[in-house]
*Asks:* 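Starting off with a structure, shown below.
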Amino acid sequence: MARKFRKRPSGPTIPAPAKIPVSLTVNGAAREIVVAPWVTLLDALREHLGLTGTKKGCDHGQCGACTVLLDGRRINSCMTFAVMQDGAKVTTVEGLARDGTLHPVQQAFIDHDAFQCGACTSGQICSAIGLIAEGRAKTVEEIRELMSGNICRCGAYPNIVAAIRQAMERERS
Amino acid sequence: MIDFQYTRAADIADAVRQIAGDPAAKFIAGGTNLIDLMKENVERPSRLIDISRLPLREIEETPAGGLRIGALVPNSDLAHHPLVAERYPLLASAILAGASAQLRNMASTGGNLLQRTRCYYFYDTATPCNKRAPGSGCAARYGLNRMHAILGSSDACIATHPSDMCVALAALEAKVHVAGPGGERVIAFADFHRLPGDTPERDTNLRVDEIITAVELPARSFAAHYSYLKIRDRLSYAFALVAVAAALEFDRDAIKEVRLALGGVAHKPWRDVSVEAAMRGAPASRASFARAAEAMLRDARGFAHNAFKIELARRAIVRALTQAAAGTPQSQSVKKIR
C-alpha cells in the first residue's frame, strides 16, 4: 500500500535539466526531438523515436548490439550523445529494406541461419553493412577481425561470417 | 546520469576560454571513453564542451618530412590514410590492434591519448582508488591485478595506460601540439604521459585549460622494419596484457637505429632509451634481442596475478624484434604469431 506524505518534502527543488532540440535524418526521414544532454543516440532512437530494432546490450561499447550507421559509418550508438549528432543521418535496421525487399545482408542472415536469439542481430547486420562499405575485408580472417566489435552470445559466428561472405560476393557480382 | 551542461566550442580559442572558465568541465570529441566513465559515475563533469565540430580533421605533410595529424582525425581514418598506411605502418598496425571497427570510427586522435586506465577498481566507485579519489588507497595492489603494471608503478597506483596507438606514437617519437590560454606549446611524447608517483590522479602533463590540437610524426618512419605485437586474453577486442612496438633500421647487418616501446605494462607507454642505445651497432640476432629484453624488464616487479607478464614481455620483445628485423610484421587479422 502506498504511504502518503503528510506534507511535501522540504528543501529547494532540483531543477529539471535543460532540454535541447536535435534534428536527425533517421532512415531517410527528418525527425525532430528535444532531449536532455545525457540522452545517448541509442536511447533517442529507442525511447524518443520508437525505433526499438536497435538493441541495448551492454550500454558500454563492449557488445556492438547498438551498432547503427551514422553518416554511413558504423558506430556504437550507446557511446555518443544525441545532442552531439544534431544534423546527422542515421540508418537503423528498420531502414534497410526497400519496398518490402530485405537488404541483401538481411537476406543473407536468413539464408545462412546466422542467429539464434536475435539480440545481437540488428547490430551484426548494421555492422556488416558498414564493413562491406569500408571494403577492407577480403578474407574470412579479415571479416572475423573487423566484426570483432559485435559479440554473439549464442555463438552463431560461423554462420554470421558465411552470411557476410554471401552478401559481399553478391555485391561484387 | 548526473546532470551536466552541454555547449559547443566555436573555435579553438573559444574551447580554451570555456574550459579555463569552468575547471569541472570536460571536452568531448569521440566520447567513447568519457561517456562510459560518466555512465559509471567515475567522471562527473559539470559541463561537456563539444569540440567534435572544430576543424582539426586534416592530415598534412610537414616541411620536415613528417605528418601533422589533426586531433579530431578518427582512429580508423588515421590507420587507413594512405600516407600513414604506407609510411607509418607501425602506427596503422597499432591502431588496428585496438578496440573495434565501430569504436575506431568514433574515437579521435587526441582522445586516444587521454584514455583513462581500464583498472577495474578505477571503474568501481565502491572501492578505493587513488586515481579516482586521491588518498582513498589502491584496491588493485592486493586485489585482482592481472592487467596491472609491472614497470614504473608506485605505492599509490599500479594502473596501466590502455592505448595501443600511444605505444606506436612513443616508439615513433611523436610530438603533441596543445593550445592553452598562454598560447601553443609542443610536448614530446615521452613527456606527455606520467608515471603515477604520488599523484596518480594526473595521467598526463596536459594542463586542465589546454586542448590537444595535433599530433606530429617526425620523418623517420621505420616502414621497412617494424612490428606491433599485442598479447591479450582473446584474439581481438581486448586490452593488452603486453604489447610491443618494435622498429629497426639497419646499416648493412648492424642495427643503426632501434625503437622499442611496451604497452600494457606501465602507467604510460614504456620506453628505455638506454636499452635502445645499447642495441645500436649490434647484429640483429636472437642474442642481442634477448639482451635487450632482459634490460627492458630489469626493474620489473609483479604482483599476485601479473608476475607472468614479466616473462611474457621478454618473449614478446624478442619475437617482435625478430618479426621487425625479418620485415614480416605481425598481422592484425591473421592472428597466428610467427
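Just so you know, these numbers use all the heavy atoms, side chains as well, and skip hydrogens, waters and symmetry mates.
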*Asks:* So which atom in A:Glu145 and which in B:Ser236 form the shortest heavy-atom distance, rounded to 0.1 Å?
*Replies:* OE1-OG, 3.0 Å

*Asks:* Begin with the C-alpha distance, continue with both residues' side-chain angles, and end with the deciding distance and a verdict on side chain to side chain donor-acceptor pair (under 3.5 Å) for A:Asn150 and B:Gln102.
*Replies:* CA-CA 9 Å; A:Asn150 293 84; B:Gln102 290 97 313; 2.8 Å; yes

*Asks:* What are the two closest heavy atoms between B:Phe4 and A:Pro37, and how far apart are they?
*Replies:* O-CG, 3.3 Å

*Asks:* Heavy-atom distance under 4.5 Å to chain A: side chain of B:Asn105, backbone, both or neither?
*Replies:* both

*Asks:* Please say whether more than 12 non-hydrogen atoms of neighbouring residues, nucleotides or ligands are located less than 6.0 Å from CZ in A:Arg165.
*Replies:* no

*Asks:* Verify whether one side chain among A:Ser148 and B:Arg234 offers a donor that lies under 3.5 Å from an acceptor in the other.
*Replies:* no

*Asks:* Can you say whether A:Leu131 sits under 4.5 Å from chain B via the side chain, the backbone, both, or neither, judging by heavy atoms?
*Replies:* neither

*Asks:* With a 4.5 angstrom heavy-atom cut-off, could you sort out which part of A:Arg136 is near chain B: side chain, backbone, both or neither?
*Replies:* side chain

*Asks:* At a heavy-atom separation under 4.5 Å, does A:Ile20 approach chain B through its side chain, its backbone, both, or neither?
*Replies:* side chain

*Asks:* Tell me which of these, A:Glu141, A:Met84, A:Glu142, has more heavy-atom pairs under 4.5 Å with chain B than the rest.
*Replies:* A:Met84

*Asks:* Tell me which of these, A:Val83, A:Thr67, A:Ile143, A:Leu70, has more heavy-atom pairs under 4.5 Å with chain B than the rest.
*Replies:* A:Val83

*Asks:* Just checking A:Lys89: does its NZ atom have more than 12 heavy atoms from other residues, nucleotides or ligands closer to it than 6.0 angstrom?
*Replies:* no

*Asks:* Which heavy atom of B:Ile35 sits nearest a heavy atom of A:Thr80, and at what distance?
*Replies:* CD1-CA, 3.5 Å

*Asks:* Most heavy-atom pairs under 4.5 angstrom with chain B, which of A:Ile151, A:Ile75, A:Thr40?
*Replies:* A:Ile75

*Asks:* When rounded to the nearest 0.5 angstrom, what is the spacing between CD in A:Gln62 and OG in B:Ser100?
*Replies:* 10.5 Å

*Asks:* Determine whether more than 12 heavy atoms belonging to other residues, nucleotides or ligands lie under 6.0 Å from atom CZ of A:Arg144.
*Replies:* no

*Asks:* Answer with side chain, backbone, both or neither: which region of A:Asp71 has an atom nearer than 4.5 Å to a non-hydrogen atom of chain B?
*Replies:* neither

*Asks:* Counting heavy-atom pairs under 4.5 Å to chain A, which of B:Lys335, B:Met106, B:Arg104, B:Glu40 comes out on top?
*Replies:* B:Met106

*Asks:* Which bit of B:Leu48 comes within less than 4.5 Å of chain A, counting heavy atoms only: side chain, backbone, both or neither?
*Replies:* side chain

*Asks:* Hey, which of B:His80, B:Arg53, B:Arg8 has the most heavy atom pairs under 4.5 Å with chain A?
*Replies:* B:His80

*Asks:* Counting only non-hydrogen atoms closer than 4.5 Å, does B:Ala29 touch chain A with its backbone (N, CA, C, O), its side chain (CB onward), both, or neither?
*Replies:* backbone

*Asks:* Heavy-atom count around B:Lys26 NZ within 6.0 Å, excluding the residue itself: above 12?
*Replies:* no

*Asks:* Show your reasoning for whether side-chain contact (heavy atoms from CB on, under 4.5 Å) applies to A:Phe81 and B:Met1.
*Replies:* CA-CA 12 Å; A:Phe81 291 123; B:Met1 196 180 287; 3.9 Å; yes

*Asks:* Heavy-atom cut-off 4.5 Å, strictly under: side chain, backbone, both or neither for B:Ser76 against chain A?
*Replies:* side chain

*Asks:* Supply the atom-to-atom distance A:His60 NE2 to B:Thr32 OG1, rounded to the nearest 0.5 angstrom.
*Replies:* 13.5 Å

